[in-house]
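Worksheet: one structure, shown below.
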Amino acid sequence: MEIPSRALTVVVAAACVLLLLQALPFFQYRWVEDDSWYTIPAYTFMRTGGLRNPTFADTDAEYHADKRPPLMPLTTALFLKVFGITPAAARFPQLLAALAAVLLAYLIGKELGYAAAGAIAAVLTATDTFLFISARTVRPEAWVTFWGAVGVLLLLKSQRLGSGTLALGAGLAAGVSTVYHVTGLAWVAALFLLILYDNGWAALRNRRTYLYAAGVAAALVPFGLWLLSTPEATSSMYGRGQHVSWAVKLSMEWLRIRDFIGVPSQRLRLPVPLPLRLHVAVVIAAALVLLFRTKRVLFTRLVLLIGPHLLLWLYLVNKTARYFSILAPLLYLAVGLAVVVVCHTSRLRLAALAICSVVGVSQIIGNSLVLAQARKANYPLLQERLRNVIPPGASAYGAITFAVALNDRDYRSYDRTPFDYALAKVKPQYVITGDRVMLHGEGHGEDDNKAVRSAVMPYVERHGQLVASLDDPFYGPLRVYRLSY
């Protein structure tokens, strides 16, 4: 039975609304370290024209040049310039990218000839916990998802229509995803593998292949030249993982898998100590197995698009599960395709749809738990309280989390500014202590800020004047001290 296109359009529109209903509540709350880390270079560029982090010590390479892929801070800077330096302005671009990714999941399915599967993928993508988180944080995953999905869609159309222009656009999209985050390199490789699979070795004689490469080069060559302009800062940024062995990287991959299947941890606080997302992984795996048995070509195409990401992640030292949001449209497209196969070949239609519903509803419930925790982290209120205590023109020292709240003060963060350096060179007038990161660490289960706490808290208690106690249910029992020199 063919589903009318108008009905599918309604489903996709509902999926977009569903993502908005989840992502917008408490949109400015729970501002954390990563948000500041990407926002500081953005407003610094907006003010000075340079991408760098002035909250760090001048002995740190990022104080002079932040060599992360520049499109993320540049996009953020544009929105900050238009809407002001607020959490909402910094996060809004990622929400737009995530919304577009939901639509692209449907369009990719439709391009493959399975519009119903695309509609199912759109709904499940809208419920995906990691895309939901990406839509409300200042991190580049939503943009890598968006540009990668654009590249997939354009390449599929190029293959069907024989269009060199679309192949050029696909390469450009894959390259642009890399200029948001290095994980975009997997899109570059994945789309090239898809070209080889669809065309065989004849692809090497096809002009579309070279137009695809030209599109990639158009994005990556300027990026590479920009990196080479400051080799020391580039080496500092991208050389950190070279000292970590493959054995350690592989052993650490469990951290990503653990968070994906929902095993509780210091960062992921859940009511019961069970892998509450395990069923999501099982359904995706089962869908791929079914496609392998029934739709081998579709299975191979999906694996070629997904595989390079998983391999690249093995190399990277950052073991965050947030990277799974990059694959959300493809993973749920596999589920949608499997549902369509089941509906056409067996009597298990209702069971297949019920399983999809469980995946979607359970993730919505999980996202609601995230919102319930975010409700306690009222960053705009804390910003107001900090700004009332620390006057304009004053200098301050504390967690990088509070740098955006005090963006028009001379603020230094202990993340990359040792306290003895700050006392000798910066002489901060105010010091903020007692934040959750200083007290409990970065969230990996280790007390990795013990040295910071041991240096800062005893000193300010002996030599400073307590001017404010700002207890916060999320950010911690904050204490603001004034120092005199």
Side-chain angles (χ1 to χ4, degrees), residues 11 14-15 18-19 21-23 98 101-102 105 109 116-135 141 145 253-265 267-295 298-299 302-303 306-307 309-310 313 319-343 345-373:
V11 170
L18 177 60
L19 178 59
L21 290 175
Q22 296 172 93
V102 171
I120 293 171
V123 173
L124 293 179
T125 299
T127 69
D128 181 71
T129 295
F130 297 104
L131 188 68
F132 154 77
I133 292 173
S134 297
E141 285 84 7
T145 307
E253 194 65 22
W254 159 245
L255 299 176
R256 191 189 327 274
I257 298 170
R258 178 197 67 185
D259 288 348
F260 180 72
I261 63 176
V263 176
S265 65
R267 287 191 170 193
L268 184 65
R269 300 185 183 278
L270 296 172
V272 292
L274 296 172
L276 298 183
R277 285 177 44 87
L278 180 61
H279 63 288
V280 178
V282 170
V283 169
I284 292 170
L288 288 170
V289 170
L290 180 61
L291 292 178
F292 175 78
R293 298 181 61 182
T294 60
K295 300 285 184 181
L298 282 174
F299 168 82
L302 286 172
V303 168
I306 294 169
H309 295 271
L310 303 180
W313 298 352
K319 298 303 179 181
T320 177
R322 294 185 187 206
Y323 291 167
F324 277 105
S325 65
I326 297 170
L327 295 176
L330 296 180
L331 296 177
Y332 296 120
L333 182 58
V335 175
L337 289 167
V339 170
V340 169
V341 168
V342 169
C343 290
T345 60
S346 76
R347 299 178 180 179
L348 299 177
R349 178 184 305 175
L350 292 179
L353 293 174
I355 290 172
C356 275
S357 299
V358 169
V359 169
V361 171
S362 63
Q363 291 200 99
I364 292 173
I365 293 172
N367 299 343
S368 299
L369 292 176
V370 173
L371 290 177
Q373 294 179 1

To check you understand the geometry: which heavy-atom pair defines the closest contact between [X] and [Y], and what is its length?
X	Y	result
L19	F132	CD1-CA, 4.4 Å
I326	T145	CA-OG1, 3.1 Å
T125	P329	OG1-CA, 3.7 Å
L371	Q22	CD1-O, 3.4 Å
L124	C356	CD2-O, 3.6 Å
E141	S134	CB-OG, 3.6 Å

**OP:** Kindly check if the number of other-residue, nucleotide or ligand heavy atoms within 6.0 Å of NZ (K295) is above 12?
**Re:** no
Calculate, to the nearest 0.5 Å, the distance between atoms [atom1] and [atom2] belonging to [X] and [Y] respectively.
X	Y	atom1	atom2	value
Q363	T127	CD	OG1	4.5 Å
L333	I120	CG	CD1	10.0 Å
T129	I364	OG1	CD1	9.5 Å
N367	L21	CG	CG	12.0 Å

Original post:
Passes side-chain contact (heavy atoms from CB on, under 4.5 Å), L302 versus L337? Steps please.
Top reply: CA-CA 11 Å; L302 286 172; L337 289 167; 4.0 Å; yes
Subject >> cation_pi(R277, F260) dist<6.0 Å, angle<=45 >> reply: yes
Original post:
Are the side chain of R256 and the backbone N or O of T320 linked by a donor-acceptor pair below 3.5 Å?
Top reply: yes
With a 4.5 Å heavy-atom cut-off, do [X] and [Y] have their side chains touching?
X	Y	value
V358	H279	yes
V263	L278	no
L353	V339	yes
Y323	L310	no

Subject >> Criterion side chain to side chain contact (heavy atoms under 4.5 Å, CB included) against I284, the qualifying member of V289, V335, V359, I306 >> reply: V335
Original post:
Does the gap between the ring centers of F324 and W313 come in under 6.0 Å?
Top reply: yes
